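A short write-up of the structure that comes next.
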Amino acid sequence: MEEAKVLETKDGAITVASAFPGHTEAVEDRDHKFLSKAVEEAYKGVDCGDGGPFGAVVVHNNEIVVSCHNMVLKHRDPTAHAEVTAIREACKKLKKIELSDCEMYASCEPCPMCFGAIHLSRVKKLVYGAKAEAAIAIGFDDFIADALRGTAIYQKAHLEIVRADGNGAIIAEQVFEKTKEKFRMY
């Protein structure tokens, strides 16, 4: 029996490859298959004029649940990124609000909004292809990479950000206290 291989990813996560020969290659082939579908979606979205070159698929039990591309231009909706669209469609199709038994494959490193949606949907695994810098190189806002890297998040947003104080802050915070018994996420 082959010795298990311990692999450390750039974010410090540790994975252990199975002891049987070919396991790592099988995982890589599986990831490549689903990532390739996300890349196909990216091309499809650009070709039909729906939006930028971004695609995403959600996988459940080794089957693609949904395959989506960026729809920002089609819907005139700046939140209609491929990943957000895929999460929305997968939740509808699976009839649930969390995807903890699903994986997402994205053609590009998710922006902060998409990463937030991925996190909130509880996707168990994210595999992405291109780094955010590839999108920046063709004209997408470098705010995305800055936000992902923890630099200059608010400086480049060109918007004034103010936290309310006084009664505005109090009544906004009270909504959580006053509704906690009526609303449960999970």
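These numbers were taken from a predicted model, which means no experiment stands behind them. Sequential numbering from 1 along the given sequence is applied to the chain's residues.
A donor-acceptor pair is defined here as one N or O able to donate and one able to accept, closer than 3.5 Å; no such pair exists between the side chain of Glu109 and the backbone of Lys131.
For residues 41-68, the pairs satisfying salt bridge (Lys or Arg N to Asp or Glu O under 4.0 Å) are Glu41-Lys44, with sequence neighbours left out.
One finds the CD1 atom of Ile118 at 12.5 Å from the SG atom of Cys102 (value rounded to the nearest 0.5 Å). With values rounded to the nearest 0.5 angstrom, His75 atom NE2 is found 10.0 Å from Asn70 atom CG. One finds the SG atom of Cys111 at 6.5 Å from the CD atom of Glu83 (value rounded to the nearest 0.5 Å).
When all heavy atoms are compared, the tightest approach of Cys114 to Val84 is SG-CG2, 3.9 Å. Contact record, Pro78 with Met113: O-CE, 4.0 Å, taken as the closest heavy-atom pair. Considering all non-hydrogen atoms of both residues, Tyr105 and Leu35 come closest at CD2-N, 3.8 Å. Lys93 and Val65 get closest at one heavy-atom pair: NZ-O, 3.0 Å. Nearest heavy-atom pair, Cys68 versus Ala86, reported as atom, atom and distance to 0.1 Å: SG-CA, 3.6 Å. The two residues Lys37 and Ser67 have their closest heavy-atom pair at CE-OG, 3.5 Å.
Residues passing the salt bridge (Lys or Arg N to Asp or Glu O under 4.0 Å) test with Lys92, sequence neighbours excluded: Glu89.
You'll find the side chain of Lys96 reaches within 4.5 Å of the side chain of Asp101, heavy atoms only. No side-chain heavy atom of Arg30 sits less than 4.5 Å from a side-chain heavy atom of His32. Residues Ser100 and Lys124 form no side-chain contact, since every pair of their non-hydrogen atoms from C-beta on lies 4.5 Å or further apart.
Taking hydrophobic clusters as Ile, Leu, Val, Met, Phe, Trp and Tyr residues chained together by side-chain heavy-atom distances below 4.5 Å, Leu126 does not share a cluster with Phe34. Cluster membership check: Val46 does not share its hydrophobic cluster with Leu73, using side-chain heavy-atom separations under 4.5 Å among Ile, Leu, Val, Met, Phe, Trp and Tyr. The hydrophobic cluster containing Val66 also contains Met104, counting ILVMFWY residues as joined when their side-chain heavy atoms lie under 4.5 angstrom apart, directly or transitively.
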